[in-house]
Number of protein chains: 2
Amino acid sequence: MTTEYTGTGDPAKSLELLWGTKNPPSRGPRPALTVERIVAAAIEVAGAEGWQALSMRRVADALGVGTMTLYRYVPGKGELLDLMMDAAFGELDRRPHEGTWRERLDRVARANWELCHRHPWLLNISMSRPVLGPNVLAKYDHELGAVDGLGLSEMDMDAILTLVLSFAAGAARVSVEQSQAPQRTGMTDEQWWNAHAPILERLYKADEYPLAQRVGTVVGEAMQAAYDAGHAFEFGLARVLDGIEVYIEDAAG
Amino acid sequence: MTTEYTGTGDPAKSLELLWGTKNPPSRGPRPALTVERIVAAAIEVAGAEGWQALSMRRVADALGVGTMTLYRYVPGKGELLDLMMDAAFGELDRRPHEGTWRERLDRVARANWELCHRHPWLLNISMSRPVLGPNVLAKYDHELGAVDGLGLSEMDMDAILTLVLSFAAGAARVSVEQSQAPQRTGMTDEQWWNAHAPILERLYKADEYPLAQRVGTVVGEAMQAAYDAGHAFEFGLARVLDGIEVYIEDAAG
DNA sequence: GGCAATCGAGTACAGCGTACCCAGTTAAAG
DNA sequence: CTTTAACTGGGTACGCTGTACTCGATTGCC
């Protein structure tokens with residue numbers, strides 16, 4: 001269950017904040033806060049208490065200031081989320097690429113997968129169009145380097161990168177939700193299966209969903225063995241890279 | 001920007017609702033509503049007025065009943081969302097598969113892509129573990145049929161299907177967000193580019209992000225030509241299926 | 001010293017999901 | 001037929017959200 005953006009914020013203001021295009025005030029009192037501190041506090045709250053606890057009041061409390069004080073620095077919550085995303089992207093390794101394109105893309109995928117696990121709230125944000133902050137741009141630039149020099153068109157480079165990133169995010173989403181499910185629903189995996197057992201049994205006896213039964217049983221057991229999400233990522237990544245390989249070799253040949 | 005679910009609902013109750021395991025009351029007045037009508041109204045509201053307008057009060061208004069009346073039929077909003085998802089999945093074509101596995105998976109991907117466009121709110125829901133409703137189960141069963149009979153293990157079948165579905169959802173997410181961006185941000189594409197132009201120009205002159213500039217320019221122009229999202233889906237789907245093909249042929253050979 | 005700008009923050013409002021309560025309705029039990 | 005238990009409809013209220021508005025306090029420039 002999700003809500004959308006307020007949309008109140010002027011993108012020009014977000015950009016000003018992201019790029020620090022704002023000369024310090026000459027008159028009034030010295031600002032006691034900085035945008036950076038607010039963003040850091042917000043990330044802290046989101047990490048420690050979860051996405052649903054991330055409210056303007058909670059961030060203000062964490063900083064020991066009044067709620068409305070935040071609005072002196074940030075136009076609104078939507079913009080704060082944009083800034084958080086840009087800050088998180090700054091954590092990514094941006095050293096020059098090494099190895100083959102496949103090794104590069106593999107590392108890009110794993111880096112994003114890992115980042116989504118470190119900051120699960122990213123998965124709730126990046127659904128919106130990213131505001132072009134410095135780290136967003138640098139990330140894009142760096143990751144494009146993984147598929148540069150292969151003779152691909154710009155469109156192809158972007159499409160391939162988009163595919164890999166979208167896959168990594170999708171797989172991470174599944175993984176994160178799965179690991180959060182127990183505390184979100186307040187029931188363990190076992191309780192969950194017990195809750196579903198009576199109905200599943202009835203249906204399986206009726207043999208209405210034979211394939212789902214066969215596969216679901218095996219997968220269900222594997223899920224309980226904590227096998228699942230990482231496996232899905234590894235498997236999918238290999239397939240995606242294979243598919244890209246076919247394309248690149250065809251284009252070269 | 002998103003919020004999470006309340007988690008108040010007992011999954012056992014959701015299942016009762018989904019499978020109609022509830023004998024009609026013997027005493028009291030006849031219920032004026034049905035769960036189906038509530039779900040239909042909720043889908044209607046979500047489709048007509050958007051995800052952010054989907055509130056319990058709004059759904060109740062649409063049905064001409066008091067807000068709290070809904071809670072006689074549905075434990076909470078989270079469960080209502082589960083029911084909506086199951087209902088939407090019921091719209092999918094479930095006729096027997098035809099053609100090669102590749103044609104089948106292609107159709108599965110397109111069907112999901114299309115469904116996500118018809119009911120964009122699905123992308124905001126399915127993040128949570130799906131409650132196993134009849135249509136959820138039937139969808140799983142049917143889609144597994146696309147990769148049945150190829151000698152794949154159950155784990156592989158599930159992994160391949162998961163990959164295709166996760167890709168389709170990811171691509172649809174991008175596409176939907178892009179088409180919704182103008183009304184969400186209240187600015188046209190042109191306004192958006194104009195807002196970003198000064199900063200982008202400054203950065204590009206500094207040549208700090210050479211690749212991003214080169215690729216971004218081309219992609220940006222293509223985006224304005226409304227080329228983009230559908231293209232990314234077609235491109236990615238072909239690559240994903242190619243990758244799966246490599247795997248299937250290796251497994252067979 | 002006066003003015004203009006800026007900061008911090010309390011108050012208030014509209015909206016949300018929903019717990020709680022009570023009046024009205026119906027069928028079963030006596 | 002009366003009583004009773006079960007059930008429905010829904011109003012009120014609580015705690016939460018983001019944030020518009022407004023105020024006094026503070027600071028630097030003229």
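Taking atom CE on A/Met68 and atom C1' on D/dG18, their separation rounds to 8 Å, with Å as the unit. Atom-to-atom, CG of B/Leu33 to C1' of D/dG10 comes out at 12 Å; the value is rounded to the nearest Å. If you take OH of B/Tyr71 and P of C/dA19, they are 7 Å apart, rounded to a whole angstrom. Atom CG in B/Leu70 sits about 18 Å away from atom P in C/dC20, given to the nearest Å. Rounded to an integer number of Å, the gap from A/Met56 CE to D/dT17 C1' is 11 Å. In this structure, B/Glu49 places its CD atom 15 Å from C1' of C/dG15, rounding to the nearest Å. Regarding A/Leu63, its CG atom lies at a distance of 11 Å from the P atom of C/dA9, rounded to whole Å. To the nearest angstrom, P of D/dT17 lies 20 Å from CD of B/Gln52.
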Do any N or O atoms of the protein come closer than 3.5 Å to N or O atoms of nucleotides 2-5 of chain D, and which pairs are they?
none

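In this structure, B/Tyr73 reaches the D/dG9 phosphate: one of its side-chain N or O atoms is under 4.0 Å from OP1 or OP2. The phosphate of D/dT17 (OP1 or OP2) has a side-chain N or O of A/Ser55 nearer than 4.0 angstrom.
Residue B/Val65 is the one, among B/Val65 and A/Thr67, whose nearest nucleotide of DNA chain D lies closer to the 5' end (criterion: closest heavy atom). For B/Leu54 and B/Pro29, each mapped to the nucleotide of DNA chain C holding its nearest heavy atom, the one lying further toward the 5' end belongs to B/Leu54.
Of the residues A/Val45, A/Leu54, A/Ile43, A/Val176, the one that meets the side chain to side chain contact (heavy atoms under 4.5 Å, CB included) test with A/Trp121 is A/Ile43.
Of the listed nucleotides (C/dG17, D/dG9, D/dC23), D/dC23 has the atom at the smallest distance from the side chain of A/Arg72. Of the candidates C/dT18, D/dG18, D/dG9, D/dG9 carries the atom nearest the B/Thr69 side chain, counting heavy atoms from C-beta on.
Looking at A/Asp141, its side chain does come within 3.5 Å of a backbone N or O of B/Ala212 through a donor-acceptor pair. In this structure, B/Thr69 contributes its side chain and B/Val65 its backbone to no donor-acceptor pair below 3.5 Å. With hydrogens and angles ignored, the 3.5 Å screen pairs no side-chain donor or acceptor of A/Ser175 with any backbone N or O of A/Ala171.
On a pure distance criterion of 3.5 Å, a polar donor-acceptor pair joins the side chain of A/Arg57 and the base of D/dG18.
Residue A/Ala60 is out of contact with every strand shown, counting any heavy-atom pair closer than 4.0 Å.
Heavy atoms of other residues, nucleotides or ligands lying less than 6.0 angstrom from CD of A/Glu49 number more than 12. Heavy atoms from other residues, nucleotides or ligands lying under 6.0 Å from CZ of A/Arg30 number 12 at most.
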- Message: Test side chain to side chain donor-acceptor pair (under 3.5 Å) on A/Asn112 and A/Glu143; report intermediate values, then the result.
- Response: CA-CA 10 Å; A/Asn112 278 274; A/Glu143 289 173 345; 3.0 Å; yes
